[in-house]
Structures are given as C-alpha cells and as structure tokens.
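Structure, as structure tokens:
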Amino acid sequence: MQLYDQQIPSRLLLGTAQYPSPAILQYAIRESGAGIVTVSLRREAADGSGSGFWDTLRDLNVRVLPNTAGCHSVKEAVTTAHMAREVFGTDWIKLEVIGHADTLQPDVFGLVEAARVLSADGFKVFPYTTDDLVVGERLLEAGCEVLMPWGAPIGSGRGLQNPDALRSMRAHFPGVPLIVDAGIGRPSDAAQAMELGMDAVLLNTAVAKAGDPVGMARAMAMAIEAGRQGFNADPMDRRDLAAPSTPVLGLAELA
C-alpha cells in the first residue's frame, strides 16, 4: 500500500491510547504487524508520559502519524499540527477538527479549511472525515491524497453504520487510498471494511479496551488480511433466490 510517497507494509493502522500498560501496547503493536501508529500530541503531553512514550515507539521501529485529536477549530488544529511536526519530526498529520461533542463527528467545513492551510504548508494530510462524496472531493481539491471516512462514531465499536456509503466512496474515488477510521469493534467489522474495497483500517479502542489487547490485535490483523484477499478474489454477487450447486439435469425420475 502506498500512502503519499511511502510504501506501507501493513493495511492496519493502530492507535496508541488507553492501553493498560506500555508493555501491552508494545506487544499489541508487534502482534498487529501495524506499520503506522497514531499518536495524539495533546493527550500524551497531558498525562506526563511524553519522553518515555516516545522512546517506546522508537524501539518498535514503526512510522508515527501524529493527530490533532481534541481540536474543535481550524486554528487549534493547525497550531497542533505545527507542534506535532516539531516534536515528531514528520510532515504527516492525521487531521481532526471535531464538530459535535457527543458523536465526535468531524466539522467538515473546518476540516476542508484546515486541510488547505496545512497542505499549502507542506503537510501530508490524512483527514478524518465523513462518508460524504462532496466533502471528499473538496478535501482532494484542498491537497489531500488520502481520505479517512468514519465507520461509526469514535470509540463506539458499532462497526460500519453505512456500508453503502463506503461502497459508493470506493466507486467514486477509485484511485484514492481510503482508510476506514473509527467505529470498528470486532474483527468482522474490519473484514467487512476490507471486503468493500477499503485500502486500510485505523482502529484503537477495539484493541486497547479488549480483555486481551494482544490477542485482539492479532485477530484484527488476520481479519484485515482475509478481507483484502476476499475483495481481490472478486466475491460472487448476492442473489434473492437460491441457486442449486448440484446440476438438476441427470437426476433420476421416480414414478
């Protein structure tokens, strides 16, 4: 998978918040095979674990994708992105501009504006967005080369609440990397996203809050691989009626 100018070895992106311990986080990342992990500058700085946490990630040799989690305005998101570039030494940024406190739905108007500002300043923007086609077009016009539509509200574990919309995005943006971000709760959700033709899945809470985070990380990795292979194998179309797998011709006629 290629994202901007980089080849990424895994289609699973993993968040780093809410794990029971740094050791479990390390084991989960290793078992997931994730090539990218997301980090919130604001949250890590707030809990005082900054330097030790950063050392943990460096030991894992994975690419860090800072995010602007918790930002509710364009100015806040842009400022946080610039701080993250200084701290983590990368021009990659997962852009979040939250518009609704309960659902954490993106403010798509602020998102497009912030994406335009950051892209012009040399950032490679990964926008957390809705599954709206028009918003997706505006983000690409603003300079984004990746879209990250939500599956369901962040941390809800509800799976894909609108798979038809994601299927439409895949058809409408055939050459654009699409990464489902948020709402994945179970391996079956991740497999479904990949079967729809998504390029990758980003998840956090489903692994971090599982009874066995390491086991769940391994399960998510396998589900994503299975879903991708299933998509590439061109699944059969659904039918309203049964279709016999055994030929009817040649059956014995009993008087």
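It should be emphasised that the depicted structure is a prediction, and the values quoted were computed from it without experimental measurement.
- Under the 4.0 Å criterion applied to side-chain N and carboxylate O atoms, Arg186 and Asp189 are not assigned as salt-bridge partners.
- Residues Leu95 and Phe123 are not in side-chain contact: their nearest non-hydrogen atoms beyond the backbone lie 4.5 Å or more apart.
- Asn61 CG: 12 or fewer foreign heavy atoms inside a 6.0 Å radius.
- Contact check for Tyr128 versus Leu111: no side-chain heavy atoms found under the 4.5 Å cut-off.
- For Glu141, the salt bridge (charged side-chain N to carboxylate O under 4.0 Å, His left out) criterion is met by Arg138, not counting sequence neighbours.
- Criterion: ILVMFWY side-chain heavy atoms under 4.5 Å apart, direct or through other members. Under it, Val125 and Phe88 are part of a common hydrophobic cluster.
- Between the side chain of Ser156 and the backbone N or O of Gly183 there is no donor-acceptor pair closer than 3.5 Å.
- Counting heavy atoms from C-beta outward, Pro187 and Met216 have side chains that approach closer than 4.5 Å.
- Both Val87 and Val78 belong to a single network of hydrophobic side chains, linked directly or stepwise wherever heavy atoms of I, L, V, M, F, W or Y lie under 4.5 Å apart.
- In this structure, CG in Leu166 is found 8.5 Å from CG in Leu178, a value given to the nearest 0.5 Å.
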Check the pair Met169, Val176 against side-chain contact (heavy atoms from CB on, under 4.5 Å), reporting the backbone distance first and the verdict last.
CA-CA 10 Å; Met169 287 194 78; Val176 177; over 6 Å; no
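- Across all their heavy atoms, Ala28 and Ala217 have their closest contact at O-CB, 3.4 Å.
- Atom CD1 of Ile179 is separated from atom OG1 of Thr129 by 13.0 Å, given to the nearest 0.5 angstrom.
- Ser188 contributes atom OG, which lies 8.0 Å from atom CE of Met220 (distance to the nearest 0.5 angstrom).
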Show your reasoning for whether side-chain contact (heavy atoms from CB on, under 4.5 Å) applies to Val64 and Thr90.
CA-CA 8 Å; Val64 171; Thr90 178; 5.6 Å; no
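- The CG atom of Asp5 sits 5.0 Å away from the NZ atom of Lys124 when rounded to the nearest 0.5 Å.
- Note on Phe231: it does not cluster hydrophobically with Met198, by side-chain heavy-atom contacts below 4.5 Å among ILVMFWY residues.
- Side-chain atoms of Thr38 never come within 3.5 Å of backbone atoms of Leu65 as a donor-acceptor pair (strictly under, hydrogens ignored).
- Shown here is Met83, whose CE atom has no more than 12 heavy atoms of other residues, nucleotides or ligands within 6.0 Å.
- Every side-chain contact (heavy atoms from CB on, under 4.5 Å) that Ala208 has, sequence neighbours left out, goes to Gln18, Tyr19, Asn204.
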Any chance you could lay out the side-chain contact (heavy atoms from CB on, under 4.5 Å) test for Gln161 and Trp150, step after step, and finish with the verdict?
CA-CA 9 Å; Gln161 60 185 4; Trp150 66 346; 3.8 Å; yes
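- Between Asp199 and Arg170 a salt bridge is recorded (basic side-chain N to carboxylate O distance below 4.0 Å).
- The minimum heavy-atom distance between Gly185 and Ala206, with the atom names listed, is O-CB, 3.7 Å.
- Note that CZ of Arg218 and CZ of Arg30 are 13.5 Å apart. Values are rounded to the nearest 0.5 Å.
- Put simply, Val37 and Ile24 are part of the same group of oily side chains (I, L, V, M, F, W, Y) that touch within less than 4.5 Å, one to the next.
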Step-by-step side-chain contact (heavy atoms from CB on, under 4.5 Å) determination, Asp181 to Lys94:
CA-CA 11 Å; Asp181 179 11; Lys94 182 194 168 193; 2.8 Å; yes
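- Counting all heavy atoms, side chain and backbone alike, Ser40 lies closest to Ala69 at OG-CB, 3.8 Å.
- A 4.5 Å side-chain heavy-atom check between Pro153 and Leu104 finds every atom pair outside the cut-off.
- Of all heavy-atom pairs between Ala243 and Arg239, the closest is CB-NE, 3.5 Å.
- Two residues are said to be in side-chain contact when any heavy atoms from C-beta on lie closer than 4.5 Å; Asp132 and Val108 fail this criterion.
- Side-chain contact check for Pro106 versus Val97: every heavy-atom pair is 4.5 Å or farther apart.
- Applying the side-chain hydrogen bond (donor to acceptor under 3.5 Å, both in side chains) rule to pairs touching residues 104-123 yields His82-Asp121, Arg85-Asp121, sequence neighbours excluded.
- Each of Leu202, Leu14, Ile8 was scored for a side chain to side chain contact (heavy atoms under 4.5 Å, CB included) with Ile36, with one residue passing: Ile8.
- The aromatic rings of Trp92 and Tyr4 sit tilted, their planes meeting at an angle between 30° and 60°.
- Under a 3.5 Å cut-off, the side chain of Ser32 and the backbone N or O of Ile29 do form a donor-acceptor pair.
- The environment of Tyr27 atom OH is sparse: at most 12 non-hydrogen atoms of other residues, nucleotides or ligands sit within 6.0 angstrom.
- The minimum heavy-atom distance linking Gly155 with Thr205 is given by the pair CA-OG1, 3.8 Å.
- Considering all non-hydrogen atoms of both residues, Gly110 and Val74 come closest at O-CG2, 3.4 Å.
- We find the CG-CG distance between Leu203 and Leu12 to be 5.5 Å, quoted to the nearest 0.5 Å.
- Residues Phe173 and Met148 share a hydrophobic cluster, clusters being chains of Ile/Leu/Val/Met/Phe/Trp/Tyr side chains in contact below 4.5 Å.
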